[in-house]
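Below: the structure, in structure tokens.
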Amino acid sequence: MGCGKDFKTGNCVCDILREIVEAQNDVVENCCSTSCEQSISDLLGDTDAGNGLDTVPVILYCKDGCKPFKGFGANPDDIGDVTSSFYFRVKRVDDDCCAVVELLRDPHDDDDNPKDPVDQYTKHLCATGICITVDLNCFCHVTCLPAVNAFN
């Protein structure tokens, strides 16, 4: 299977993220073989019914130099505490490939500004409520991690 089998915008990253959003918001049967598609399949419970998974964490890679993208934000309750993450939950993707993504963080990770994705804890990725808007045309690659329960 190629990426983004249900959408054909001409932007692979946009198409696969739309597919993830659709799966997260609209549990439907899906047969998959690639890593992103397998994560979607796991999220939908194709391999384990009632598994409680609700999120496919993704890493986005910028076109220029193909580096992992790091997002920044602050919780409205503590604007003085800016945090960053390389891991995101896709909230929505609009028709022109603009997406809202939520920063995912492990609550046990004390480093608010990891230098690299491997420096960031991922064992218990959780939704932060911190969302940013990105233009998916700026990305050349997406990596999907196994589906998790980010709202535990």
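Along the sequence shown, the residues carry numbers beginning at 1. We use all heavy atoms of the structure for the numbers below, so side chains are in, but hydrogens, waters and symmetry mates are not.
Residues S85 and L104 share a closest heavy-atom pair of OG-O, 2.6 Å. Nearest approach of A150 to D54, heavy atoms of both residues: N-OD1, 2.8 Å. Across all non-hydrogen atoms, the minimal contact from C131 to V100 is CB-CG1, 3.8 Å. What you find for I132 and G71 is that their closest heavy atoms are CD1-CA, 3.9 Å. Nearest heavy-atom pair, C126 versus P107, reported as atom, atom and distance to 0.1 Å: SG-CD, 3.8 Å.
Once rounded to the nearest 0.5 Å, the distance linking CG of L17 with CZ of R92 reads 14.0 Å. Note that SG of C66 is 8.0 Å distant from OH of Y61, once rounded to the nearest 0.5 Å. For the atom pair D96 CG and L136 CG, the distance stands at 9.5 Å (nearest 0.5 Å). How far CG of L103 is from OG1 of T128: 5.0 Å, rounded to the nearest 0.5 Å. Interatomic distance, CG of L125 versus OG1 of T55, reported as 9.0 Å (0.5 Å rounding).
Both V90 and L44 sit in one connected hydrophobic cluster of ILVMFWY residues. Membership requires side-chain heavy atoms under 4.5 Å apart, directly or through other members.
For the ring-ring contact (aromatic ring centres under 6.0 Å, His included) condition, the pairs that include at least one residue of residues 80-123, sequence neighbours left out, are F69-F88, H108-H124. Within the structure, every pair that satisfies the side chain to side chain donor-acceptor pair (under 3.5 Å) test and touches residues 68-82, not counting sequence neighbours, is listed here: K70-N113. Applying the salt bridge (charged side-chain N to carboxylate O under 4.0 Å, His left out) rule to pairs touching residues 56-67 yields nothing, sequence neighbours excluded.
For D116, the side chain to side chain contact (heavy atoms under 4.5 Å, CB included) test picks out V118, D119, with sequence neighbours left out. Looking at residues two or more places apart in sequence or on another chain, you find a salt bridge (charged side-chain N to carboxylate O under 4.0 Å, His left out) between R105 and D109. Residues satisfying the salt bridge (charged side-chain N to carboxylate O under 4.0 Å, His left out) criterion with K91, sequence neighbours excluded, are E102.
When each of V13, V101, V21 is tested with V93 by the rule side chain to side chain contact (heavy atoms under 4.5 Å, CB included), just one qualifies, namely V21.
Between I16 and V58, the closest side-chain pair of non-hydrogen atoms is not below 4.5 Å. Under the 4.5 Å side-chain criterion, counting only non-hydrogen atoms from C-beta, I20 is in contact with C144. Using a 4.5 Å cut-off on side-chain heavy atoms (C-beta onward), C138 and C62 make no contact.
In this structure, C14 and C97 have their SG atoms less than 2.5 Å from one another.
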